[in-house]
Structures are given as C-alpha cells and as structure tokens.
Amino acid sequence: AATASAFALPVKRYELDDNLILLLSDCHVAAGGGTGSFAYRRLQYCIDSALGLEKIPHRALVFGDIAGTVGPKEDYELSAIQFRRLEDAGVEVSYMMGNHDRRAGFLAVHPECAAKSPLPGRLVQVVETPMCDFILLDSLIGEDGDDKIVVRGALDPVQTEWLEATVSKGDKPAIVC
C-alpha cells in the first residue's frame with residue numbers, strides 16, 4: 001500500500017545569496033480583492049521572480065503599505081500567503097509599517113515581529129548583512145482602529161534616541177529606512 005509521503009512533491013532546495021536583498025514596497029494587498037486582485041498577483045509575480053533566480057536573496061525587506069487600506073488583519077493574512085513562500089525558502093523577511101498599515105492587524109498575523117523590536121509599541125529592527133546594516137524605523141502615525149490615512153510620518157524621542165545609539169555603535173555602514 002502506498003503512503004501519503006510516497007506522493008509528496010520534492011522540496012526545492014534554494015541557494016541563498018547573503019549579498020542579495022529583495023526590496024518590496026507598497027504591496028497594498030486588500031483581502032476584499034482576494035488572490036485574483038492586481039495587487040496580490042503583482043506581489044506573487046515579484047516573489048516568483050525572486051524564487052526563480054539561480055541564487056535567491058537571503059533577506060527581504062518590506063517597506064510598508066502592506067495592507068490595501070488601513071490595516072485590517074485580513075489584509076495581512078492574505079499577503080502572508082506570499083511572504084510565507086519566501087520564509088519557507090529560507091529568506092529572512094523583515095517588515096516596516098507604512099501609512100496604510102496598522103500595528104494591531106499586522107501583529108495579529110506576524111506576532112514574531114514584536115519580539116524582534118527593542119522598542120515597545122514600535123516595530124524597529126536592525127537587519128545585518130555582510131556589507132552594511134539596514135536600520136528599519138517605525139514612523140507610522142496612524143492609530144489602531146483609525147480609518148484615516150495620515151500621509152506624513154514621525155519619529156518619537158525614544159526612537160530617535162535608539163537610532164542615534166544604534167548608529168553610533170555600528171562597525172559598518174548603515175542604511176536608515
């Protein structure tokens with residue numbers, strides 16, 4: 001009798017390139033549009049392209065506006081389908097908040113991101129690479145439950161102090177995002 005594992009597809013092994021970084025921005029995936037929406041298909045195409053490389057990026061930086069509107073959990077659940085493909089391939093995915101995002105909806109789907117941040121209530125992170133470090137900031141002004149999109153961002157004094165300390169102790173170039 002055949003077992004289920006006998007019919008399993010082989011798992012593709014990816015070769016990670018520590019010097020390649022996938023940069024994604026303004027995904028705007030909205031749950032209401034589903035997997036057939038232009039935004040979802042565009043994100044899928046970008047990830048397909050990255051995973052189709054001979055060597056794939058070891059890291060992916062997602063520069064905010066992940067959600068389609070103002071950060072409902074369902075938007076992050078839908079985009080996570082694609083981001084999980086990167087993670088399953090061994091790509092380290094790091095996120096920043098954009099003005100369309102909301103921390104509560106995002107963290108409901110990606111709770112591990114709160115643990116990576118040294119600042120409570122903000123999603124900041126240092127992503128180390130061989131050549132430089134990326135310092136990811138959280139300038140989101142929009143509050144959870146707020147359906148208004150605020151275009152501008154800001155850094156509070158605690159985050160500014162953390163940024164100054166982080167940059168000053170670095171031993172290689174830093175790119176502040």
Query - Arg59: which of Asp17, Thr129, Asp18 passes side chain to side chain donor-acceptor pair (under 3.5 Å) - result: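 Only one option passes, and that is Asp18.
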
Query raised in the report: Charged N to carboxylate O under 4.0 angstrom, Glu112 versus Lys116?
Result: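 Between Lys116 and Glu112 there is no salt bridge, as every charged N stays at least 4.0 Å from the carboxylate O atoms.
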
Hey, any chance [X] and [Y] share a hydrophobic cluster, counting ILVMFWY side chains that come within less than 4.5 Å of each other, even indirectly?
| X | Y | answer |
| --- | --- | --- |
| Val124 | Leu163 | yes |
| Val176 | Val127 | no |
| Phe134 | Ile66 | no |
| Val109 | Val62 | yes |

Minimum heavy-atom distance [X]-[Y], with the two atoms named:
| X | Y | answer |
| --- | --- | --- |
| Arg102 | Val70 | CG-O, 3.1 Å |
| Phe83 | Val93 | O-CG2, 4.2 Å |
| Ala39 | Cys27 | CB-O, 3.4 Å |
| Leu155 | Ser139 | CD2-CB, 4.1 Å |
| Ala174 | Ile135 | CB-CD1, 3.9 Å |
| Leu107 | Cys113 | CD2-CB, 4.2 Å |

Query raised in the report: Under the side-chain contact (heavy atoms from CB on, under 4.5 Å) criterion, do Leu86 and Leu51 qualify, and how do the steps go?
Result: CA-CA 8 Å; Leu86 291 171; Leu51 294 177; 4.1 Å; yes

Where the side chain of [X] meets the backbone of [Y], is there a donor-acceptor pair that is under 3.5 Å apart?
| X | Y | value |
| --- | --- | --- |
| Asp65 | Asn99 | yes |
| Arg103 | Arg122 | no |
| Asp101 | Ala67 | yes |
| Ser79 | Tyr76 | yes |
| Asp75 | Gly68 | yes |
| Gln159 | Asp138 | yes |

**Report entry** Tyr95 and Gln125: side chain donor to acceptor below 3.5 Å
**Finding:** no

Requested in this report: Using distance alone, with no hydrogens and no angle criterion, decide if Gln82 and Arg85 have a side-chain donor and acceptor under 3.5 Å apart.
Outcome: yes

Find the distance between [atom1] ([X]) and [atom2] ([Y]) and round it off to the nearest 0.5 Å.
| X | Y | atom1 | atom2 | value |
| --- | --- | --- | --- | --- |
| Ile81 | Thr35 | CD1 | OG1 | 7.0 Å |
| His110 | Glu77 | NE2 | CD | 9.5 Å |
| Leu53 | Asp48 | CG | CG | 11.0 Å |
| Met96 | Leu123 | CE | CG | 10.5 Å |

Query raised in the report: Side chains of Leu61 and Leu23: does their closest heavy-atom pair fall under 4.5 Å?
Result: yes

Query raised in the report: Going through the checks in order, is the side-chain contact (heavy atoms from CB on, under 4.5 Å) test met by Lys172 and Met131?
Result: CA-CA 7 Å; Lys172 56 187 163 183; Met131 302 299 286; over 6 Å; no

**Report entry** Trp162 and Asp156: CA distance, side-chain angles, deciding distance, side-chain contact (heavy atoms from CB on, under 4.5 Å) verdict
**Finding:** CA-CA 10 Å; Trp162 172 81; Asp156 59 19; over 6 Å; no

**Report entry** Option among Ile47, Leu22, Leu16, Leu20 that satisfies the side chain to side chain contact (heavy atoms under 4.5 Å, CB included) test with Val91
**Finding:** Leu16

